[in-house]
Structures are given as C-alpha cells and as structure tokens.
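Remarks on the structure that follows.
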Amino acid sequence: MLTLKLIQEQPEFVIERLKVKNFDATVLVGQINQLNIQRRETQAKVDQLKAEMNNLSKQIGQLFKEKKNDEANSAKEKTFLLKDEIKELDVTFADIDKQLSSLLVQLPNIPHKLVAPGKNEADNVEIRRGGEIPQLYDGKKPHWDLIQQYDIIDFELGTKLTGAGFPVYKGKGAKLQRALISFFLDEGEKSGYNEVMPPILVNEDSGFGTGQLPDKEGQMYHATADNLYLVPTAEVPVTNIYRDVIVDENSLPIKNMAYTPCFRREAGSWGAHVRGLNRLHQFDKVEIVQIANPENSYQQLDEMVAHVEAIISKLGLPYRIIRLCGGDISFTSAMTYDFEVYSAAQERWLEVSSVSNFESFQANRLKCRYRGKEMKKPELVHTLNGSALALPRIVAALLENNQTPEGIKIPEVLVPYCGFSIIS
RNA sequence: GGAGAGUUGGCAGAGUGGUCGAUUGUGGCAGUCUCGAAAACUGUUGUCCGGGCAACUGGACCGGGGGUUCGAAUCCCUCACUCUCCGCCA
C-alpha cells in the first residue's frame with residue numbers, strides 16, 4: 001500500500017498518477033486524508049489523557065508509600081472518570097484506524113513515469129524482440145496433440161487423480177520438467193541469486209504482506225482446517241522472509257530465488273484460450289526476488305529483465321518483451337515487463353514471465369526497511385520479483401517449435417540436464 | 001496426540017504489581033590510547049505514532065489478543081510458537 005505520508009503531502013500527485021491506471025482516487029484520497037486528521041486529533045486527546053492517568057497513578061503509588069491512605073483513596077476516585085474517557089476514546093481511535101486501513105489498501109500502486117497510459121493489453125509497449133520464429137513442416141501439431149502422441153503429459157489421468165488443470169507428467173515429460181527447473185536454478189545461481197526452498201503453504205500474514213489478501217483471496221487455494229493458503233507463486237513466501245525486518249544498507253540488493261509448485265484457482269477464467277498447458281491450476285516455476293535500495297531499484301529491474309531474456313535466448317525460443325501499460329499493469333506494481341514466447345503451432349504469443357518493481361508498495365505492507373549509516377530512521381526498501389521462468393508455457397513452446405517428423409528436439413542447453421536429445 | 005517448561009532489546013540473560021523502555025553481559029557505533037591494529041578505558045546504542053524549525057517532548061510496545069488493578073514485563077484468561085519427555089510416523 002501507499003504510505004500515508006505521500007497521500008497526505010502530495011494528494012494531487014497521487015490522484016494524477018493513478019489516472020494512468022484508470023483509477024479515480026479523488027474520493028478515496030479525500031476520505032483518507034480526512035480520516036487521518038481525525039485519527040491524529042483523537043490520538044492527541046488519548047495521549048494527553050493517558051499522560052494524566054500515568055501521573056495520577058504515580059502520585060497514588062507515592063501516597064501509599066507514605067502511608068497517606070486516605071489521600072490515596074480520594075485520588076483514586078479521580079481516576080475513574082478519566083479511565084472511562086480513555087476507554088471510550090481508545091475505541092474511537094481503533095475504529096478510525098480500522099477504517100483508514102481498509103481505505104488505504106484500496107489504493108493501487110503509483111505507476112512509474114515510463115508506464116504508458118492505456119486501456120488494456122492493446123496499449124502495451126513492445127520493447128524488443130529476439131530469436132527467430134521457426135518455419136514448421138506441414139504436419140505441425142499444437143502441443144496438446146504432441147503430448148498425447150508421445151505420451152509425456154496426461155491430462156485425463158490428472159483429472160482422475162485431482163481434477164481439471166492438474167496434469168500428470170510422465171517419462172520424458174517428467175524428466176523435462178526436472179531438467180528445466182535445474183537449468184533455471186543453475187542460471188539463477190550464475191546471476192548471483194541465492195536459492196531457497198520455502199514452504200508452499202503460507203499463513204494469512206504472508207498473504208497480506210505481498211498483497212494476495214485481502215483483495216485476491218479467491219485466487220488461492222485455502223486449507224481451511226489450518227487457515228493456510230497454497231502459494232500462487234514463490235513470491236509470497238520468499239518476499240515474506242523480509243516481513244518485519246530491518247536490513248543493513250550494505251546487504252542490498254538481496255537476491256533470492258526459489259523453485260516451487262504454484263497453485264491458482266483461476267475461478268471462472270476457463271475458456272477457448274486455455275487449452276493444454278496454457279493455463280493450469282498447478283504448475284512449476286522458478287521465481288527471482290530482489291530486495292533493493294530505492295536509489296537503484298530500476299537498475300535492478302533491468303538486471304532481472306536481462307537475466308530472463310538470457311535464459312529464453314539460451315532455450316532458443318522466439319520472444320518479445322513488453323512494458324505493460326497503465327490499464328494492464330497489476331494493482332501492486334509500479335512497472336512490469338512481460339515476456340512472451342511464440343508458440344509456433346498455436347501461432348500465438350504466450351506469457352512466460354512477468355518482471356515487476358513494486359517500489360515500496362509491498363515493503364510498506366511487509367514493514368521491510370533498510371538502515372544506512374547516514375540515516376536517522378530506517379526507510380522502506382523496494383521489492384522486485386519475476387518469473388525465471390514458469391514452466392508450462394515454456395514447455396508448450398518448446399514442444400511446438402522444436403517438433404520434426406522424427407520427434408521433438410531438445411535444445412542443446414537442456415540435453416545435459418535431460419539425458420536425451422529427442423522425444424520420439 | 002499426551003505431560004511438563006518456556007517466549008524480555010541484534011544476541012545472551014536478570015527482573016518482590018508502583019520513575020522498568022526495562023539491571024547486566026555481549027555485539028554494533030563513536031572517541032581516548034596506537035604508526036596501525038588488538039587489548040583496555042569512556043561514551044553511545046530499539047521500533048512505531050503524535051507535537052515542535054530544533055534541542056526536546058507526550059503516548060504505545062517485554063510472543064499476539066483480552067481481563068483484573070489507581071497502576072501490569074510481573075497476576076488471570078485465551079491463542080500462537082519454541083524446547084524437553086512419551087506416543088505415532090516419511
């Protein structure tokens with residue numbers, strides 16, 4: 001969420017910038033600032049009363065010590081009224097505070113200057129392309145046919161075991177998954193990311209910290225008996241490592257990565273475009289996460305983009321990098337680059353990575369700050385994350401783009417990981 | 001799952017219900033000494049929310065929440081977590 005300070009000091013700026021996201025914040029900002037004033041006034045009153053109370057209590061203690069019990073008892077009488085007043089104001093304060101928080105989480109993050117205004121994905125800005133779209137032979141097939149032909153991924157079996165959107169990877173299909181995960185992690189390590197293996201069930205606080213709760217509650221699978229949520233992305237546990245943490249300026253940027261399965265309910269979003277591996281309830285992903293100094297977080301974002309671009313290039317997939325416009329960028333993000341690879345039999349671009357700078361938006365919720373030598377007070381860090389990469393659509397593109405009449409060729413870089421060079 | 005013991009500042013570890021935000025040690029930072037360092041000595045050292053240009057100052061925080069009391073780190077209830085023993089188990 002945005003900081004109260006910013007909303008209070010530069011309300012016009014907030015309103016103006018959020019227009020890029022097609023969000024009219026006028027009313028909300030006004031309400032927040034008004035509530036904030038009420039909150040401060042109430043606190044001033046409460047604090048004053050509490051100061052009086054503290055004083056009286058000290059006096060009473062002193063009187064009892066001096067055996068002046070009568071005086072002490074009459075002093076006690078005075079506290080009763082005060083006590084009631086404090087209790088009442090405390091309730092008022094808590095109420096205002098609660099209202100304020102509930103309004104505060106409704107404001108989206110302010111987009112970066114470079115983010116173009118726009119309605120939807122049609123207004124996104126293509127940054128660059130790489131790789132070559134392969135010319136396939138006449139009998140080319142979409143991946144959902146290929147996986148059946150070679151018996152490497154089984155959707156029906158997954159449906160039997162769990163339900164739609166939970167495929168079973170078999171034989172070379174399973175091995176390809178493992179190979180990709182290892183490849184991605186090794187590449188991440190070369191780029192200086194520290195590998196972590198977090199829990200894939202998280203609690204409510206973690207869900208709130210990265211912004212999945214309360215807004216996107218329906219996106220996550222909820223284990224109600226223990227009130228835990230299956231992670232929709234490793235971003236949640238890996239970023240929440242730094243919840244309520246003050247890090248040293250010298251340790252920045254902190255670069256972590258994790259492989260986890262990811263679970264998404266995707267309620268109501270099933271349709272024509274989501275056949276095969278294009279959209280799943282469970283999939284595998286390697287996520288990179290950075291905790292950065294606000295001064296250079298955009299350099300770090302570029303670094304992450306370069307990292308993802310390098311991996312896709314090594315896999316030999318044609319790709320394009322897109323900077324999302326205001327209408328397409330997420331609630332929490334200040335700037336997002338999407339990576340899409342071309343899937344040559346479906347003849348469409350598939351999103352395989354999304355790399356974002358959240359600036360201090362998540363950090364404010366997480367209460368993750370950094371302290372520098374010259375700083376009087378700790379300040380909020382910037383958090384960034386990106387997929388590097390999500391597997392299913394990469395697999396779809398690999399299968400489709402590398403199909404030949406003899407079988408599916410495995411990219412050079414993956415052969416050592418797979419132990420085979422063709423699926424036939 | 002059963003029984004018991006815990007949870008205090010970066011860490012370790014005190015704390016008869018009344019100047020306890022909290023003794024002390026250690027670590028961190030600054031200084032003295034030194035060519036430099038170590039050692040020693042001195043000082044300093046939490047976070048959040050208010051007020052103030054500032055010095056400073058009011059309030060809150062001793063796992064979370066609630067309660068008793070004029071007053072709670074200290075007493076009570078509750079939840080969470082940690083440890084030990086037993087049981088179960090990949």
Side-chain angles (χ1 to χ4, degrees), chain A residues 1-9 32-104 197-209 213 223-229 237 240-252 254 261 291 360 363-381:
Chain A
M1 57 189 172
L2 298 175
T3 60
L4 256 179
K5 204 177 165 207
L6 179 72
I7 299 167
Q8 183 191 324
E9 288 173 1
I32 288 169
N33 280 332
Q34 202 183 337
L35 268 176
N36 192 26
I37 291 167
Q38 277 183 45
R39 184 179 177 278
R40 234 184 344 220
E41 283 171 353
T42 311
Q43 193 192 345
K45 275 187 221 156
V46 177
D47 284 357
Q48 195 196 332
L49 293 180
K50 282 185 179 171
E52 276 179 51
M53 192 72 175
N54 288 343
N55 254 325
L56 270 176
S57 293
K58 266 181 205 166
Q59 284 173 29
I60 291 169
Q62 194 58 36
L63 289 172
F64 273 126
K65 225 176 232 172
E66 291 165 9
K67 304 278 182 203
K68 299 175 179 167
N69 287 11
D70 289 346
E71 281 182 54
N73 282 321
S74 68
K76 262 198 204 178
E77 308 268 330
K78 281 196 248 171
T79 65
F80 297 143
L81 196 70
L82 253 181
K83 212 180 171 183
D84 285 345
E85 260 183 278
I86 289 172
K87 213 168 197 172
E88 203 178 310
L89 270 179
D90 262 340
V91 172
T92 309
F93 181 82
D95 187 52
I96 291 171
D97 200 49
K98 198 177 158 192
Q99 281 184 52
L100 193 55
S101 310
S102 74
L103 292 183
L104 223 39
M197 198 179 257
I200 57 178
L201 279 166
V202 294
N203 59 28
E204 248 177 310
D205 286 346
S206 295
F208 180 80
L213 296 175
T224 50
D226 299 286
N227 197 24
L228 296 174
Y229 294 86
N240 271 282
I241 292 172
Y242 299 93
R243 171 155 45 86
D244 294 319
V245 169
I246 298 175
V247 297
D248 192 284
E249 186 176 26
N250 296 323
S251 66
L252 300 176
I254 297 169
I291 308 291
S360 62
N364 191 30
R365 279 198 181 194
L366 291 163
K367 294 197 180 66
C368 176
R369 290 159 294 174
Y370 74 103
R371 193 203 309 274
K373 225 175 173 184
E374 306 301 322
M375 295 163 59
K376 213 171 171 186
K377 281 190 161 195
E379 281 177 30
L380 295 171
V381 297

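Per chain, numbering begins at 1; letters A, B, ... match sequence-line order. Model, not experiment: these values are computed from the prediction. Just so you know, these numbers use all the heavy atoms, side chains as well, and skip hydrogens, waters and symmetry mates.
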Write down the distance separating the [atom1] atoms in [N] and [M], rounded off to the nearest Å.
N	M	atom1	answer
B:U74	B:U8	C1'	11 Å
B:U32	B:A54	C1'	30 Å
B:G15	B:G67	P	28 Å
B:G64	B:U45	C1'	28 Å
B:C49	B:C81	P	29 Å
B:U23	B:A12	C1'	14 Å
B:A22	B:U16	C1'	16 Å
B:U84	B:U78	C1'	24 Å

Practice item. Using a 4.0 Å heavy-atom cut-off across all strands, classify A:Phe64 as base, sugar-phosphate, or nothing. Key: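 Answer is base: heavy atoms of A:Phe64 come under 4.0 Å of a base.
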Check your understanding: Checking all strands, does A:Ile60 fall into the base, sugar-phosphate, or nothing category for heavy-atom contacts under 4.0 angstrom?
Key ->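 Here A:Ile60 touches the bases of the nucleic acid.
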Among [options], which nucleotide sits nearest the side chain of [X]?
X	options	value
A:Ile246	B:A60, B:U47, B:C49	B:U47
A:Ala44	B:U47, B:G50, B:C70	B:G50
A:Lys83	B:A60, B:C49, B:U69	B:U69
A:Thr79	B:C49, B:G59, B:C70	B:C70
A:Ala51	B:G58, B:C70, B:C48	B:G58
A:Arg369	B:C48, B:C70, B:G59	B:C48
A:Pro378	B:C49, B:C70, B:C48	B:C48
A:Lys376	B:A55, B:G18, B:U47	B:A55

Scan every strand shown for a Watson-Crick or G-U wobble partner of [N], both distances under 3.5 Å, and answer none if you come up empty.
N	answer
B:U82	B:A5
B:A60	B:U47
B:C88	none
B:C33	none

Is the distance from OP1 or OP2 of [N] to the nearest side-chain N or O of [X] less than 4.0 Å?
X	N	answer
A:Asn227	B:A80	no
A:Arg371	B:U47	yes
A:Arg40	B:G51	yes

Practice item. Using heavy atoms to find the nearest nucleotide of RNA chain B for A:Lys87 and A:Asn36 separately, return the residue whose nucleotide is more 5′. Key: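 Here A:Asn36 is the residue nearer the 5' end.
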Review point. Does one side chain, of A:Asn203 or A:Ser206, offer a donor that lies under 3.5 Å from an acceptor on the other?
Key: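 A:Asn203 vs A:Ser206: donor-acceptor pair found between side chains.
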**Study point:** Presence of donor-acceptor pair under 3.5 Å, side chain of A:Asp47 and base of B:G58
**Key:**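 Present.
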Exercise for review: Could you tell me whether the side chain of A:Asn33 and the main chain of A:Ile7 form a donor-acceptor pair under 3.5 Å?
Suggested key: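 Confirmed, A:Asn33 side chain pairs with A:Ile7 backbone.
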